[in-house]
Each structure stands twice: as structure tokens, then as C-alpha cells.
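Report on the structure given below.
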Protein chains: 2
Amino acid sequence: MKRILEVQKQLVPDLLDVMKKRYTILHHIMISGVIGRRTLAVSLNITERVLRGEVDFLKSQGLLEIESNGMRITPAGQLLLDQIEPMIKEVFELTDLESQIRTTYGLSQVIIVPGDSDRSFFTKKELGRTAATILRKLVTNGDVVSVTGGSTIAEVANHMSSSAPIKEAWFVPARGGLGESVELQANTVASQMAQRIGGQYRLLHVPDDLGEEAYQSLLQEPSVKEIVSFVRNCRIVVHGIGDAMVMAKRRKVGEATISMLQNVGAEAEAFGYYFDNNGHVVHKMMTLGLQLEDIQETEVVIGVAGGQSKGKAIAAFLKFGHEDILVTDEAAALEIIKYAP
Amino acid sequence: MKRILEVQKQLVPDLLDVMKKRYTILHHIMISGVIGRRTLAVSLNITERVLRGEVDFLKSQGLLEIESNGMRITPAGQLLLDQIEPMIKEVFELTDLESQIRTTYGLSQVIIVPGDSDRSFFTKKELGRTAATILRKLVTNGDVVSVTGGSTIAEVANHMSSSAPIKEAWFVPARGGLGESVELQANTVASQMAQRIGGQYRLLHVPDDLGEEAYQSLLQEPSVKEIVSFVRNCRIVVHGIGDAMVMAKRRKVGEATISMLQNVGAEAEAFGYYFDNNGHVVHKMMTLGLQLEDIQETEVVIGVAGGQSKGKAIAAFLKFGHEDILVTDEAAALEIIKYAP
DNA sequence: CCATGCTGGACAAAAAATGTCCCGTTAGTA
DNA sequence: TACTAACGGGACATTTTTTGTCCAGCATGG
């Protein structure tokens, strides 16, 4: 059964939604016993007309009957409900998880892909593809999109595409270079996204971690200054979320910093900031590029991260409270829910 | 798996069609390697625009990719195809059989339920339920529906239902009484259908097989005369189809008639007429009620019969060429195809 | 006997799907 | 190298479907 549903999810996702809608209506009618169209429309939060269409359909299928005092389910409808319930549960498990996370962490949208990025590279690809789809839909001409680096976000760039080029979309790195392999750099990611979507990009040629002195001098540099202000005024941010310790090591910070991070309980890292498991900032890298206060102004903040091992970190970052859209995977989602506030 | 699809068919009837359409497109692309939109549209016999919509969708699902020289399937698409192929085969086996029978015998609609009514009583029930659904959709106010008797048609009556009563639907027996058990009589079937659909019925209180004399005298009877004309002007006929010999014996015709029927090669029986395997009438019972020439005038003629043993008879009757809708089962359908003209 | 809540008809407005053409590009061929 | 055929994608009028909004008429319960 699982197999066929998986296939259908790919081939006819919209019809599965229709299925759920009809199931929900039927289910609600079953619960209510007898209920009128208007009342039902309000309690299901659909417009009366749409409900009517569905109800007419369900009636024609003999699943419910309509009398002058309202609608009630027929035996055939009851039977159908019993049979379909496990199916719906299975198909929309993730959908439910999505709305749980959405409401508990106060996000505007959560998308969960099945699987575990830690275990399957395919899941990570899927995560990227999904995020790419989301992003593509959001970007319009005139937008500035700033992106971080990392393998997940690179995967997003990989799956980005656009049938119609969006020429006036600008992609910029949120932060400077990180000294890792070139394809994971924010610069690379930004340029790749721009190319794939048919837009523009600008690069930020500075290292991500700066000393005070270098910071100040670079900030004076007109070319740097200009692009930094460009970055900081973006409309959309796409960023990864990492485990604090993993990221600290990857960024090759000193021993001292690492133990400091451990002491203050750093859990998550995102664009150079470290967060503890209450979502408080416990450390920041001295850097040009996007700052935390910019995030709070940014219209759309999209986090993309998956894998069971990252669940805790994602939860920690979400508690910071300025994420809008989260794209993650099933394994991480289950962790995230565990650490719900 | 069958179960899940059955349930889905009720809630989202076109789900499978859409699924098949997309499968076919994807499959064709897979076969072709690289193919352009127009070429594909022609070879699949869909209009270009519709294909384009589907292709865009499949692309957005990451199942195929489009380049300037054509479309090709992605690994994900290939994987999906591999998974879905057996499913499609299984699900649409019967659909294919349906259209084969439909076209070879020139019917307007063929419905095949899985199984063999000879072997499983459940299949017979399903046959009845399916036919009942078809009939319910056809009947509207003002219609006169004439029905024959027999266990299959009785099963149809059993599963008839209607949420909104169709008060001005009339159900009448196509023929007189047959001296079998009461629940299989055409009269009983007609009344039961009427009751279940909330309509009216009239009965024909005459034996099915009449001598010339009795025939003439009953025909003078005003009450009989009236209902007969009612029956003969029906808009819809629902009838069973039987094996000629089986029916002859059941009708307790004389030895002479039986050997005559054997001599002329009678194969099928339907509403008192016997047909050979070319669909020619080889014998008729002298009877009141629906006549063969009425069938040719009737708007909708629905035959319901199943079971491997009846396949040959059904084929014979279909060759007569005045059936519109056939509801049968898998076992019979396979036989029917064997005897295709 | 009235008020309430229900269905179902009606219809304009909005949105989506569809049929058709065309254009610039590209790959393969002569 | 030049040409041709086939490609994707843009565009747009037209048809079909969906949706929002009212309202009439009918039960039902107080």
C-alpha cells in the first residue's frame, strides 16, 4: 500500500489533496451527525460554494444524503471512511507534522520531505529540489536574494530552474568565504542560482571570519561597502542551519572558542551566529554581510536543513523566532517536534 | 492494493485516469529517449496544449527534463516508471478489456468487474452493485424502465439505491412470470427496484410462455393491454443473458423444442428470444411484454451477465447488435473476447 | 404561527484549461 | 558551411470550469 501511495504522491499530488479534502468533509459530517451547509463551511473554513460542489459530488457518489434539515452520512459513506482513514493518515502524516511545526514554532510555511538526509543522499537531493521549487515561486523581478553556503544550500542551487528567466533577480552571498571546497561557498551558490534562474549575481570577496582591524578596513572599501548594503537589504534570505559544534570545527575556530561555545550551550549555527537551545544568541562571528538584525527586517527568511542529527539544532534556531519558511526532512522534523517549546 | 484503489475510485474517480495519462506520457518519453512535444502529442493522440500542461507538471515533479532538443526522462522518472508499471498493468487490464469489447461489438459502454460470478458469489454481488450504480445514474423522472428476472438482475435490484427518491421513475417487468422462485421474477425485481429508488411500478400478471389462444385472449384484456404498451415504450431495458440450453430447461420447454434449439445452434437466451452464435434469432417464445423490435427502438439497453459459463452466450447475444451497455465480469469478458466476430 | 436553518436555483465574475500560431534556437544533414 | 526540420516556449483568444453571492421556498421546532 505504501508503495502505491508513494507513487501517487509523485504522479497525482493534487488529486491526493482533493481526496483529503473530501475525506475531511465526509469525516466532519460523520462526526456531526446532521449538519447544514453553512455551518459546515464555517467550521471547515471553506467557502460555501466550494463546499457545495464537494457535497454535491459526495452525494452523487452515494456517500452522504441531503435532506431538508441537513446532510448526513450514508452507510456506504461510513464504510468508505473506515476504509480510507489509515490511508489518509499515512499519506498526510507529514502534512500533519508540517502544520504541527508550523504552529508550535510560529512559522508561515513548513515543508517536510520524506526520509533522512543523514542516511540517504537522495533525501538531501529531494530537500534541495523542494526548497528550489519554493524559492523559484517566491522570486520575482527586482528581488534580492541572499544565500549562505553549505552542502544543503548548494543542493538547492543545483535544482534551481526556471522556464522563464527572471532577469532582474539578484543573488548575493549572505556571508563571505568559508575556506571550504568552492562549490559549497556562498559565492558559488549565489552565482549558480542566478545562472539557473536567468538572473544576476554579485560576489562578496572577503573571508567570513575577520579580525576587528580587517573588518574595519574592509568596511571602508567602497566596492565592499556597496555590496554589503546590497546584501543587507535583501528581500529573501535562504540559509542552512548547522549543529553548533560541527560548524565551529568546520570553521576552524580556536580551541578556546569551542570550549566557550560548549560552556554557553551553543546548539545551532546559522549565518555566523550561534544559538543555544532557547534560541538565544550566544556567540557571533565578526563578519561582513548579513547581520542578525537584518533577518528581522527581511521579508522572507527560508531555512533549509535536514537529517536527524540536525534536528536539535534546527529546533534551537527556530526558537529564535525569525524564520518564515522551513524546508526540512522527516527525520529532522520528528526531532524538531521533540524539542518543541 | 486493489482495496485502496477501490476506495480512491469512490472519492476521486478521475484519479486513476489522470494517473494513467501521466504514466503513458512518461512511458512514451522513456521509450523514445528524446522526443519533442509535437511529435509526442501526435503519437499519443492528445492536443499539443494539453500535453504541454502535463509535461510542465512532470517537469516540476522532476520526473523529466526538457532541453532544447527535446524531453528526456530523469533517473527519478525512470524509477517511478519501474515502480508503477506493474500497478498500471494490473489496474488497467480490465479497462483495456472493456474498450476491446466495446469496440469489437460496437457497444457504447462496457463495465467489467473483477472475478468470476460462477465461482464467487461475491463477484455476482459486485456485478449487481455496479449495474445498479450505472442504472441509477441513467434513470430520471419520467423514465420507464423495463427489467427481466433472473438471479443476476435480482442482484441489481438488491443493490439499487437513491438518496433522492425519483418519484416519477416507473419500473415494469419486461416479460411475464416464469414459474421460478418469486424473488427472481421480473415482477418482483421491478417492484423492488421501484421501492429502492423511490419510484413507481406496475406488474404484468401473465405467464411468460403462452399458447396462441391464451395470447390472443389476454391481449384483448384492457388492463393487460395497457401495461403491455407501457412496457413496450420504455426508455431503458435492463436484462440478463442466459445460456440457451440452461434457460430452455429452466423454462421447462418440451423435449421437442430443446432438440430443435440444439439443431438450429441456439446459444444465448435473452427476454424469451434465442440467438445462435452469429447473433441471429433462431427461436422466440410466444409472449406478451417486450418484443425484439422494441429493443431496437429502446434508447438504452443494458445487459447484465457474468460468469465464465455465460461468456459464449453473451458473445452470441452481443452479435445481435442492439446492446448499448454491458456489465459483466472478468471471466465472462475473457470468453467474450475469444468469440469476437 | 413565526423564526430559524436548510437546500437548491440562478447568475455574474473570476480563474483555469485549451486550441492555435508563431518565433528564435539548435542539432543534424547535405 | 549553409540549410532544414524539429525543438521549447511565448502569446492570446476562446471555451469551460470554478467560485462568490443572493435569494426563494421549504421544513422544523419553539
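In this text the structure is predicted, and so the values were computed from the model without any measurement. Chain letters run A, B, ... following the sequence lines, proteins first, then strands; residues in each count from 1.
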Q. How many Å lie between CD1 on B/Ile66 and C1' on D/dG8, as a whole number?
A. 7 Å

Q: Output the single nucleotide from C/dG19, D/dC7, D/dT19 whose closest atom is nearest the side chain of B/Thr39.
A: D/dC7

Q. Charged N to carboxylate O below 4.0 Å: is that the case for B/Arg129 and B/Glu126?
A. yes

**Q.** Length of the line joining B/Glu67:CD and C/dG24:C1', which is rounded to integer Å
**A.** 18 Å

Q.
If the threshold is 4.0 Å, N to carboxylate O, is there a salt bridge linking B/Asp96 and B/Lys20?
A. yes

(Q) Within the 4.5 Å heavy-atom criterion, are A/Lys59 and A/Met71 side-chain neighbours or not? (A) no

Q: Between D/dA6, C/dT7, C/dG19, spot the one nearest the side chain of A/Met71, thanks.
A: C/dT7

Q: Could you check how far CG of B/Asn69 sits from P of C/dT29, rounded to whole Å?
A: 13 Å

Q: Between B/Gly36 and B/Arg49, name the one whose nearest nucleotide on DNA chain D is closer to the 5' end.
A: B/Gly36

Q | Atom-pair distance (CD on B/Glu48; C1' on C/dG19), nearest Å | A | 9 Å

**Q.** Exceeds 12 heavy-atom contacts within 6.0 angstrom, atom CG of B/Asn45
**A.** no

Q: May I ask you to decide whether A/Arg52 forms a salt bridge with A/Glu48, counting only side-chain N to carboxylate O separations under 4.0 Å?
A: no

Q: Could you check how far CD1 of A/Ile46 sits from C1' of D/dT18, rounded to whole Å?
A: 14 Å

Q. Donor-acceptor pair under 3.5 Å: do we get one between B/Arg52's side chain and the base of D/dG10?
A. yes

Q) Which sits closer to the 5' end of DNA chain D, A/Thr47 or A/Ser68, going by the nucleotide each is nearest to? A) A/Thr47

Q) Quick one: A/Asp14 CG to D/dT18 C1', roughly how many Å, whole number? A) 15 Å

**Q.** Presence of donor-acceptor pair under 3.5 Å, side chain of B/Arg38 and base of D/dG8
**A.** yes

Q | Atom-to-atom span, CD1 of B/Ile29 to C1' of D/dC7 - whole angstrom | A | 13 Å

Q. How close or far is atom P of C/dG9 from atom CZ of A/Arg37, stated in whole angstroms?
A. 10 Å

Q: May I ask you to verify if any side-chain N or O of A/Lys59 is less than 4.0 angstrom from the OP1 or OP2 atom of C/dT7?
A: no

